[in-house]
S.K.: 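Sharing a structure, written as structure tokens. Questions coming.
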Amino acid sequence: MTPATRQEVLGLYRKVFRIAKNWQSASGQIEETMREKEYIRNEARTLFRKNKNVTDPNLIKQCIEECEARIEIGLHYNIPYPRPIHLPPMGLAHKQGRALRHQERLRKISKPIYLKSHDEVS
């Protein structure tokens with residue numbers, strides 16, 4: 001990891017924790033705010049620790065883009081949780097074979113960047 005990339009990653013880490021410190025839930029309830037703050041901190045720790053040994057520059061760039069997207073979406077919609085995606089169910093494909101692999105590949109490609117690591121951790 002280059003020093004510039006390292007500084008960018010550390011800056012994102014600090015930014016996430018500053019957001020968590022000042023976070024106010026949409027409902028305004030204290031319990032909800034505390035739960036959401038804790039979720040933000042735990043999610044950041046988990047994902048950053050999971051990716052701390054990544055050395056591939058393209059993968060690092062993808063992780064940075066995911067982090068920035070999740071920050072922007074969370075601030076815009078005022079919810080810390082990843083927004084759900086609506087993809088058609090896999091009921092149309094056969095249970096095996098080429099059609100199933102093709103549909104799984106399409107679902108993986110169509111997954112938004114801000115959810116790339118969500119299923120792996122949560």
Side-chain angles (χ1 to χ4, degrees):
M1 183 183 312
T2 65
T5 306
R6 179 176 167 77
Q7 289 302 316
E8 185 177 4
V9 170
L10 291 174
L12 282 172
Y13 191 73
R14 286 190 296 270
K15 182 176 182 178
V16 169
F17 276 87
R18 279 194 303 272
I19 289 170
K21 182 179 178 182
N22 300 321
W23 186 262
Q24 182 65 38
S25 71
S27 66
Q29 296 178 353
I30 295 173
E31 309 86 38
E32 184 74 21
T33 299
M34 297 308 290
R35 234 178 297 132
E36 289 180 2
K37 284 181 176 186
E38 189 63 30
Y39 172 80
I40 293 168
R41 287 191 295 266
N42 288 338
E43 186 78 1
R45 282 188 195 109
T46 303
L47 290 174
F48 276 88
R49 285 180 183 157
K50 180 186 126 229
N51 295 320
K52 75 178 181 180
N53 296 322
V54 174
T55 56
D56 179 29
N58 293 328
L59 193 54
I60 292 171
K61 183 172 172 45
Q62 182 181 359
C63 291
I64 290 171
E65 289 173 356
E66 179 184 354
C67 182
E68 290 171 342
R70 287 183 73 171
I71 288 171
E72 291 302 317
I73 289 171
L75 292 175
H76 178 76
Y77 291 105
N78 200 29
I79 56 169
Y81 312 108
R83 292 186 50 79
I85 57 172
H86 303 288
L87 297 175
M90 293 181 56
L92 300 176
H94 299 289
K95 299 298 179 197
Q96 60 185 4
R98 183 179 279 169
L100 178 63
R101 287 192 304 271
H102 178 69
Q103 193 166 8
E104 286 175 343
R105 187 171 51 85
L106 288 176
R107 289 178 69 81
K108 186 176 181 182
I109 292 170
S110 64
K111 193 173 196 179
I113 191 166
Y114 60 88
L115 286 177
K116 294 290 184 191
S117 64
H118 181 66
D119 290 339
E120 298 168 5
V121 174
S122 300

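Values below: every heavy atom of this structure, side chains too, minus hydrogens, waters and symmetry copies.
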S.K.: Would you find more than 12 non-hydrogen atoms of other residues, nucleotides or ligands less than 6.0 Å from Arg45 atom CZ?
M.R.: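 It does: Arg45 CZ has more than 12 such atoms within range.
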S.K.: Hey, any chance Met34 and Tyr39 share a hydrophobic cluster, counting ILVMFWY side chains that come within less than 4.5 Å of each other, even indirectly?
M.R.: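 No, it is not one cluster - the side chains of Met34 and Tyr39 are not joined through contacts under 4.5 Å.
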S.K.: So, Glu38 and Arg35, do they make that salt bridge, N to O below 4.0 Å?
M.R.: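 Looking at Arg35 together with Glu38, the answer is no, because their closest N to O distance does not fall below 4.0 Å.
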S.K.: CD1/Ile73 to CD1/Ile79 distance, rounded to the nearest 0.5 angstrom?
M.R.: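 Separation between the atoms: 9.0 Å.
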S.K.: From Ile60 CD1 over to Thr5 OG1, what is the distance, rounded to the nearest 0.5 angstrom?
M.R.: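 That separation rounds to 6.5 Å.
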S.K.: As an exercise, state the distance from NZ of Lys37 to CD1 of Ile40, rounded to the nearest 0.5 Å.
M.R.: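 Rounded to the nearest 0.5 Å, the NZ-CD1 separation comes out at 9.0 Å.
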S.K.: Indicate yes or no for a side-chain donor-acceptor contact from Thr33 to the backbone of Ser25 under 3.5 Å, with no hydrogens or angles considered.
M.R.: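 Pair found, side chain donor or acceptor close to backbone of Ser25.
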S.K.: Could you tell me which non-hydrogen atom of Ala44 sits nearest to which non-hydrogen atom of Phe17, and how far apart they are?
M.R.: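 That would be CB-CE1, 4.1 Å.
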S.K.: Are the side chains of Asn51 and Leu59 in contact, using a 4.5 Å heavy-atom criterion?
M.R.: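 Contact flag for Leu59/Asn51 side chains = no.
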S.K.: Between atom CD of Glu66 and atom CD1 of Ile71, what is the distance when rounded to the nearest 0.5 Å?
M.R.: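 The distance works out to 11.0 Å.
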S.K.: What's the separation between atom NZ in Lys52 and atom OH in Tyr13, rounded to the nearest 0.5 Å?
M.R.: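 Rounded to the nearest 0.5 Å, the NZ-OH separation comes to 10.5 Å.
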S.K.: Mind checking whether Leu75 and Val16 sit in one hydrophobic cluster, side chains of I, L, V, M, F, W, Y counted as touching below 4.5 Å?
M.R.: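 Same hydrophobic cluster.
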S.K.: Quick check for you: to the nearest 0.5 Å, what is the distance between Glu72 atom CD and Tyr77 atom OH?
M.R.: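 One gets 11.5 Å once the value is rounded to the nearest 0.5 Å.
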S.K.: Should Phe48 and Val54 be counted in the same cluster of Ile, Leu, Val, Met, Phe, Trp and Tyr side chains packed under 4.5 Å apart?
M.R.: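 Cluster IDs for Phe48 and Val54 match.
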S.K.: Are Glu8 and Glu68 packed together at the side-chain level, in the sense that at least one heavy-atom pair is separated by less than 4.5 angstrom?
M.R.: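 The answer is yes, as the side chains (C-beta and beyond) meet within the 4.5 Å cut-off.
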S.K.: Measuring only between side-chain heavy atoms, which start at C-beta, is Asn78 closer than 4.5 Å to Trp23?
M.R.: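 Yes, side chains in contact.
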